Asker: 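I am attaching a structure below and will ask some questions about it afterwards.
Below, all heavy atoms of this structure are taken into account, side chains as well, without hydrogens, waters or symmetry copies. Keep in mind that what you see is a predicted model, and the values were worked out from it rather than measured. Lettering follows sequence order; numbering is per chain, from 1.
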Protein chains: 4
Amino acid sequence: MKFDNHKAIFLQIVDLVTSKIANNDWLPDEKIPSVRDLGAELEVNPNTVMRAYELLQQKDIIYNKRGLGFFVKPMAAENIVKSKKKQFLEVDLPVFFKTMKVLNISIDEIIDQYHKIK
Amino acid sequence: MKFDNHKAIFLQIVDLVTSKIANNDWLPDEKIPSVRDLGAELEVNPNTVMRAYELLQQKDIIYNKRGLGFFVKPMAAENIVKSKKKQFLEVDLPVFFKTMKVLNISIDEIIDQYHKIK
Amino acid sequence: MKFDNHKAIFLQIVDLVTSKIANNDWLPDEKIPSVRDLGAELEVNPNTVMRAYELLQQKDIIYNKRGLGFFVKPMAAENIVKSKKKQFLEVDLPVFFKTMKVLNISIDEIIDQYHKIK
Amino acid sequence: MKFDNHKAIFLQIVDLVTSKIANNDWLPDEKIPSVRDLGAELEVNPNTVMRAYELLQQKDIIYNKRGLGFFVKPMAAENIVKSKKKQFLEVDLPVFFKTMKVLNISIDEIIDQYHKIK
DNA sequence: GTGGTCTAGACCACC
DNA sequence: GTGGTCTAGACCACA
């Protein structure tokens, strides 16, 4: 796997796992790869994967069973989508509108672009 | 001034100066604060301000007269707006549309929000 | 059964068995569940139960008859209570008093709480 | 410094720093030792100190200024004491009373012990 | 087999 | 100088 050099690898692993779960590639209560396996697959040190898993645990996306490994938390997929949506509507969108105003771009221009690209 | 600890301070100073100029707070060929003065005002090491000014010079937003200080480049304000607009239309907007799609948010919802906030 | 993920499972099984015996749920010389049965009931690997039983044997709480299983040692209940009491008076209580002092909590506050909760 | 081998070193460093701050050995907005310095002093790898500092940051006990180091958060001392007190009254104390009941120890015995030790 | 911790040493961006 | 990240390798307790 190729990583973006401007962002910490372990954070990119967090994103990777998050999207796997949001996409239902990994299902609730399913075991996810061990730190060693994922480390080998991504050609990354297991410690780096561990760091990502710790963060995912804090975010209530995965949980740990002693000696067995990490598992997808039930409802994680739903919660991920929900919190992303919240972030989009409450943070990204206001910023977006503000930028539009600063640059003097009308909502109609946006709608035009939207239909053109689509 | 309060800085966001997640972003390099000198980049935040670049943003600050850029927006001052874009807003016409600082006019073409007007002298901007010395690195010492701005450093003192922002409670930041002058080296850090210097680094911001160097970047702003590269971006053709300010220029230097040896022994006199830094000055706003003519047309800087216009160029800033132009490049921001380009960034917005060519980069931010596609990303924005992609996020909408991923989160299953329609253009109508966006329009609603726009009028509601306004 | 739900286990606390911060403590080794086999130690939690030790606690479980100990309290069963202290409570006279399991009587002297009575056979306790086999490692397989208890493992199945607790949804835990039998090896893990075995490890708990080994520790309980060392602590003179249960004994083994080869081919028959594990049995509650006579006087185990009494000894458990006795050693718990010793632990409480000689270790827990001094720690408790020290914490009170550090947090500046008086003995009267403790007494108040005691009667309030009761 | 001697560490207790049963508890992770970085957690013991968290405790150490926490108590320094609670004791007002390190005051609000004062710089605390760099990860390298404290690592050298404790004869521990700087990474291990870093891990402790990360946790302390999460707990709102210290904060970071880019390139300058870690600093004691204002009100950290008060908050530490407050949360310890809460833990004691809401968690430790009920457990303590329950143990008393199980072991058939009266509140009067506790009071006696208290005055005897004092 | 699993995670969890730690070391030694490296490199980087930033102040 | 500061933190922040990463690697390679080790050792441990636990299941």
Asker: I need the CG-P distance between B/L38 and E/dC15, as an integer number of Å.
Answerer: 14 Å
Asker: Of D/R36 and D/A8, whose closest DNA chain E nucleotide lies nearer the 5' terminus?
Answerer: D/A8
Asker: What are the two closest non-hydrogen atoms of C/I61 and C/A76, and how far apart are they?
Answerer: O-CB, 3.6 Å
Asker: Counting Watson-Crick and G-U wobble pairs with both distances under 3.5 Å, what is the dot-bracket string for DNA chain E, 5' to 3', using [ ] for crossing pairs and | for pairs to another strand?
Answerer: ||||||||||||||.
Asker: I need the minimum non-hydrogen distance between B/K73 and B/D60, along with the two atoms involved.
Answerer: NZ-OD1, 3.0 Å
Asker: Are the charged groups of A/E54 and D/R51 less than 4.0 angstrom apart, N to O?
Answerer: yes
Asker: Going by side chain to side chain donor-acceptor pair (under 3.5 Å), name the residues that satisfy it together with C/K7, two or more places apart in sequence or in a different chain.
Answerer: C/D15
Asker: Could you check which residues of residues 56-73 of chain A get a heavy atom under 4.0 Å from DNA chain E? Sort them by number, please.
Answerer: A/N64, A/G67, A/L68, A/G69, A/F70
Asker: Does the C/T48 side chain pair with the main chain of C/V44, one donor and one acceptor, at a distance under 3.5 Å?
Answerer: no
Asker: Please tell me if the side chains of D/Q58 and D/Y53 come closer than 4.5 Å, counting only heavy atoms from C-beta onward.
Answerer: no
Asker: Is the closest side-chain heavy-atom distance between B/V72 and B/D29 below 4.5 Å?
Answerer: no
Asker: Tell me the closest heavy-atom pair linking B/P94 and B/L89, and the distance in Å.
Answerer: CD-O, 3.4 Å
Asker: Give the first and the last nucleotide of DNA chain F, reading 5' to 3', that has any atom under 4.0 Å from a heavy atom of chain C.
Answerer: F/dC14 to F/dA15
Asker: Do the two ring centres, one from A/F96 and one from B/F96, sit under 6.0 Å apart?
Answerer: yes
Asker: Please list residues of residues 45-54 of chain C whose heavy atoms come under 4.0 Å from any atom in DNA chain E, ordered by number; otherwise none.
Answerer: none
Asker: Does the pair D/D92 and D/Q87 meet the rule for a side chain to side chain donor-acceptor pair (under 3.5 Å), with working shown?
Answerer: CA-CA 6 Å; D/D92 299 344; D/Q87 160 81 18; 3.2 Å; yes
Asker: Calculate the interatomic distance between B/I13 atom CD1 and E/dC14 atom P; express it in whole Å.
Answerer: 13 Å
Asker: Hey, is CD on D/E30 packed in by over 12 heavy atoms from elsewhere, all under 6.0 Å?
Answerer: yes
Asker: What pairs with C/E78 under side-chain contact (heavy atoms from CB on, under 4.5 Å), at least two apart in sequence or on another chain?
Answerer: C/M75
Asker: Is the cationic atom of A/K65 (NZ for Lys, CZ for Arg) positioned less than 6.0 Å from the six-membered ring centroid of A/F71 and within 45 degrees of its normal?
Answerer: yes
Asker: Let me spell it out: for each of C/F10 and D/D37, pick the nucleotide of DNA chain F with the closest heavy atom. Which residue's pick is nearer the 5' end?
Answerer: D/D37
